[in-house]
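Below: one structure, written as structure tokens.
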Amino acid sequence: QVQLVESGGGLVQAGDSLRLSCKASGRTYTIYTMGWFRRAPGKERDFVAAISRNGINTEYADSVKGRFTISRDNAKNTMYLQMNSLKPEDTAVYFCASSWYVTVQTAPENYDAWGQGTQVTVSS
């Protein structure tokens, strides 16, 4: 089993930056793709970004391209999401997830371990 714990959420103003972290533990050798998803109030869970095991391949939702950067440090079993130029519409609970798929995945059903989520609130 893999356990994931997010951190780094908080309350910021529009235009500010925030960096989320996701620490993995347990059977981390089974982790290939990792990703970030978010759920805004009253909405479905949406894909944000994903990264391959070697960090070379990434995918981003159109809404965050150019503002968010996903990265990972396998030596620390940690994934990051650098969020710049935050907007009120980025307000959501952010979840990290891990997958045994080798190729980068955007569909939540292709992830088998999830963190508990961290709240990001962006005020206007």
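Note that these values count all heavy atoms, side chains included, but never hydrogens, waters or copies made by symmetry.
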Under 3.5 Å, which donor-acceptor pairs link side chains of residues 83-90 to any protein atom two or more places apart or in another chain?
{"residue": "Asn84", "atom": "OD1", "partner": "Ser17", "partner atom": "OG", "Å": "2.9"}
{"residue": "Asn84", "atom": "OD1", "partner": "Gln82", "partner atom": "NE2", "Å": "2.9"}
{"residue": "Asp90", "atom": "OD1", "partner": "Arg38", "partner atom": "NH1", "Å": "2.9"}
{"residue": "Asp90", "atom": "OD1", "partner": "Arg67", "partner atom": "NH2", "Å": "3.0"}
{"residue": "Asp90", "atom": "OD2", "partner": "Arg67", "partner atom": "NH1", "Å": "2.7"}
{"residue": "Asp90", "atom": "OD2", "partner": "Arg67", "partner atom": "NH2", "Å": "3.4"}
{"residue": "Asp90", "atom": "OD2", "partner": "Lys87", "partner atom": "N", "Å": "2.8"}

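- Note: the hydrophobic cluster containing Leu81 also contains Val122 (ILVMFWY, side chain heavy atoms under 4.5 Å, direct or indirect links).
- Atom CZ of Arg53 is separated from atom CG of Asn74 by 6.0 Å, given to the nearest 0.5 angstrom.
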Would Thr30 and Val2 count as a side-chain contact (heavy atoms from CB on, under 4.5 Å) if you check the C-alpha gap in whole Å, the side-chain angles of each, and the deciding distance to 0.1 Å? CA-CA 8 Å; Thr30 65; Val2 172; 3.6 Å; yes
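- Scanning all heavy atoms of the two residues, the minimum distance from Trp36 to Ser21 falls at CH2-O, 3.7 Å.
- Remark: the backbone N or O of Asn57 is paired with a side-chain donor or acceptor of Ser52 at under 3.5 angstrom.
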Show me the donor-acceptor pairs, under 3.5 Å and distance only, between side chains in residues 40-48 and residues at least two apart or in other chains.
none

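- Between the Lys23 side chain and the Met79 main chain, no donor and acceptor come within less than 3.5 Å of each other.
- Here the CG atom belonging to Leu18 is positioned 9.5 Å from the CG atom belonging to Leu11, to the nearest 0.5 angstrom.
- Here the OG-CG distance, from Ser25 to Asn77, works out to 8.5 Å after rounding to the nearest 0.5 Å.
- Rounding to the nearest 0.5 Å gives a distance of 4.5 Å between CZ of Phe37 and OH of Tyr111.
- With rounding to the nearest 0.5 angstrom, the OG atom of Ser98 is 12.0 Å from the OH atom of Tyr32.
- Side-chain atoms of Cys22 and Phe95, non-hydrogen and from C-beta on, never get closer than 4.5 Å to each other.
- The closest side-chain heavy-atom distance from Glu59 to Ile70 is not below 4.5 Å.
- Annotation: Gln1, atom CD; neighbour count of heavy atoms from other residues, nucleotides and ligands within 6.0 Å does not exceed 12.
- Here the shortest heavy-atom pairing between Asp112 and Trp100 reads OD2-CD1, 3.6 Å.
- In terms of heavy-atom proximity, Gly117 sits nearest to Val93 at CA-CG1, 3.8 Å.
- A cation-pi geometry, defined here as NZ or CZ lying under 6.0 Å from the six-membered ring centre and within 45° of its normal, does not hold between Arg72 and Tyr80.
- To the nearest 0.5 Å, atoms CE (Met34) and OG1 (Thr78) are separated by 8.0 Å.
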Check the pair Leu4 / Gln116 against side-chain contact (heavy atoms from CB on, under 4.5 Å), numbers first and verdict last. CA-CA 8 Å; Leu4 302 172; Gln116 81 289 348; over 6 Å; no
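- When hydrophobic clusters are built by joining Ile, Leu, Val, Met, Phe, Trp and Tyr residues whose side-chain heavy atoms come closer than 4.5 Å, directly or via intermediates, Tyr94 is grouped together with Ile51.
- Scanning all heavy atoms of the two residues, the minimum distance from Trp114 to Pro108 falls at CZ2-O, 3.5 Å.
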